[in-house]
Amino acid sequence: MQLATTQPAKNVLEVREYDLFLDVDFAGLKYSGKVTVDLESVGDVSLDAVGLQITNVKSGNRKVPFKHTGKLLKVQTGKFSGPLEIEFTGNVSDNFTGLYKASYGDSYILSTHLEAVQARKVFPCLDHPAFKAVFKVQVRTDESLSVISNMPKESETEEGGDRTVTFQKTPKMSTYLLYLGVGKFVQEKGRHGETDLYAAYADRPTGKINTGFSFEATQKVLDYYESYFGIPFQLPKLHNVAVPEFAYGAMENWGAITYREILLHVDKDTSIRAKKSVAHVIAHEIAHMWFGDLVTMKWWDDLWLNESFATFMDYKSTDRAYPEWKVWQDFVRTSTSGAMGRDSLTKTHPIMAKVHDPEEIEELFDEISYGKGASILRMIEAYIGSENFKRGVAQYLQKFRYSNASGHDLWSSLQEASGTEVSRIMEGWISQEGFPVVKASLAGGKLLLEQERFLLAGGTSNQTWPIPVTMNVDGKTQSFLLDKKKTEVNLPTKPRSLKVNVDQTGFYVVQYDGKELQDLVWKGRLSPLDRWGLINDAKAFLLSGRVSFVEYFSLVEKYQNEEEYLPAIEVSDQLSFLYQIAPSRLIETSRKFHNAGLKIFESKKDDNSTTLKGIVAARLTLLDDAYAKTAGSKFKGLANVEPDMKRSVVMGYARSSDDYDGLIGGYLKSTTDEERLRFLEGLVSFKNPELIARTLDFAVGGKVKRQDVRNVILYATANPDARNVAWEWFKKNMAKLEAMYSGTAQFSIILREYFSIIGVGRAAEVEKFFNEHKVIGADIALERLKIYDQLAKKIIATR
Ligand SMILES: [Zn+2]
């Protein structure tokens, strides 16, 4: 525990302003700087400063004694009020945090990523979200370069080959939201009301970022948020900056949001799948401009509030901007289901987690903070009504703007706006880990509902949750709070249909007991969300052993010839997953389903069907050699293939040709990240493991963006033929991957998500390996792995 470095520095009462000057030696990858911190303290001041050399500390003309311990800069100010001047030097970082080098081809830009606790790597500061201050930023660098920060430029001068840019003062904000980009940028301009909009990306001869759609999405979501929150966008300008190498998807620096390049680029060759993520990520980051930037959490244990709210608002605004995508269907499939997958492990944590040191903060950027939190917000919105919810949120933002707040503050606002006991319900969901299964059974003309904690590993606990239950009986919806262990609900004498958790707004799974009740569920008119819910819950019950593979599979068969996007893609996801863990037993079934699905969705023309068709076709290349050959035969004419179908062509070509050089050639000639990723996916989709091994080595050989190495492992996970070589390769390269992603949670994500599948069939060996090599995330990977491994054995034994 390193409380001292992250908890509020104890003597400091207030930081008013940072006047930050950086002299950036772009070619030398280093800088010198001076920061004048205007603050108020009741005793000696400690500032966060990591990896910096402190050369001088002054107050006025007086030198102030200081000691730099490597993490903390302790200055003997005594009781103090006023500006403290600190001179320092620092180096540009080579990983993904602080002021880092983001390479593209032989060139690079410098860009900052300061969340959560990385501002201290760039300049000495009180690196804590609650110390909001005004920032005045000035940068001197080579005159051939441009500089981007949170605010518009106030002035710019060129002298002796140098450019000095001074930016306007920011409003009060937290240190982690500061942004600096230095390099050769192409900048394009647009406008939204009073706000200047910019898209910026690293200049290059080929592979320009096509930003038209990103402007459109930005404008649409700004419109929505300004009206929803009742507060206009706060800064005079907003940059969307594409960064060539970026560990995360995007980052909400106030007024200068950073993105992976793939998340700002849309052109005629972009798949609908990729275009949807562009819209979602822009919507998520711009929601943060209000929720996170204008009003900020008091401390990192409320990080989830930032992330879950931005995730939830992303879907609200994208739904308004692009209604044809019916994005709430994707919400349950990704956010809700992803969070349940994690939260049904014993190794989980409450939404509101205790945070002590920086490493713990990084590990909190997970499915619980984003997906579970967002799902709980959706549940409470459904319970109190969308108008009340909106009013409560607007009140909360008004009240705490330019300041900090906690989850409790938001519940109070929602409670006030709705007259409903929001606080007690929310506390019940955020303070305890896990979620319930609601067991429903018929008893003497009544419906008996009973809750218990749902765990994949089996067993349960004494926990209960205040569950806002919704229930549709004979076409009529009713809702009530189930906050005890069990309750009874009256039913009509002969109910014709019944479904609990209408449209899946609740964060719980439902197990219907007995054939009579199960039949009632299927007799009603089920929405796509409801049909999704039934099969989603069934997968959870299969994994936990609550239902057998045979029972599970008889339910899956109800989804044969499914015409709706959401349930169809879910069944495809599930069969692909089961194929990954038990390939020999699942190949025929999965092939049959995917062939049928492809026929159905080929005939439809809407965006979601196009996306689904692309996904199903790509999966089919792994399941069906004949299909792989047909798809692969279009490889020569790849440029003319419909964007969402290109994946299947590249993968089909890999599986039917073994043409490693041809695919590497295609990769090297690619001009966009989506194309590059497509070839990388092809390159681990071979049937021949030796070729896959070559690809994996290629991935860490310097020709693949470091940010994308993770994707290569993800793609390999889907191909059972890659299993053995991926594991052998990982053992050799683990240290390299860990170093590559240090300071971020990317490495533990690789373990949690992929090695629980790659390890199936060799669980004992994997466990032994991670017992010898202690790394963060391995415990979660192992818990999952054991569950998957056991299920695989059961499935294989099933006749
Ligand atoms: Zn976010």
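Both ligands and their constituent atoms are indexed starting at 1 by order of listing.
Aromatic ring pairs are classed by plane angle as parallel below 30°, tilted from 30° to 60° and perpendicular above 60°; the pair Phe309 and Phe291 is parallel.
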Could you walk me through whether Val147 and Phe167 pass side-chain contact (heavy atoms from CB on, under 4.5 Å), step by step?
CA-CA 10 Å; Val147 187; Phe167 294 92; 3.8 Å; yes
Going by atom type alone, with no hydrogens or angles, which donor-acceptor pairs under 3.5 Å involve a side-chain atom of residues 94-102 and a protein atom two or more places apart or on another chain?
| residue | atom | partner | partner atom | Å |
| --- | --- | --- | --- | --- |
| Asn95 | OD1 | Ser93 | OG | 3.0 |
| Asn95 | OD1 | Thr97 | N | 3.3 |
| Asn95 | OD1 | Thr97 | OG1 | 3.2 |
| Asn95 | ND2 | Ser742 | OG | 3.0 |
| Thr97 | OG1 | Lys121 | NZ | 3.1 |
| Tyr100 | OH | Glu245 | O | 2.6 |

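For Phe229, the ring pair (Phe, Tyr, Trp, His ring centres under 6.0 Å) partners at least two apart in sequence or on another chain are Tyr225, Trp290. With sequence neighbours left out, Ser756 forms a side chain to side chain contact (heavy atoms under 4.5 Å, CB included) with Arg784, Leu785, Tyr788.
Around atom CD of Glu194, no more than 12 heavy atoms belonging to other residues, nucleotides or ligands sit under 6.0 Å away.
Listed by chain and number, the protein atoms of type N/O/S under 2.8 Å from the Zn ion (ligand 1) are His284 NE2, His288 NE2, Glu307 OE1; waters are omitted.
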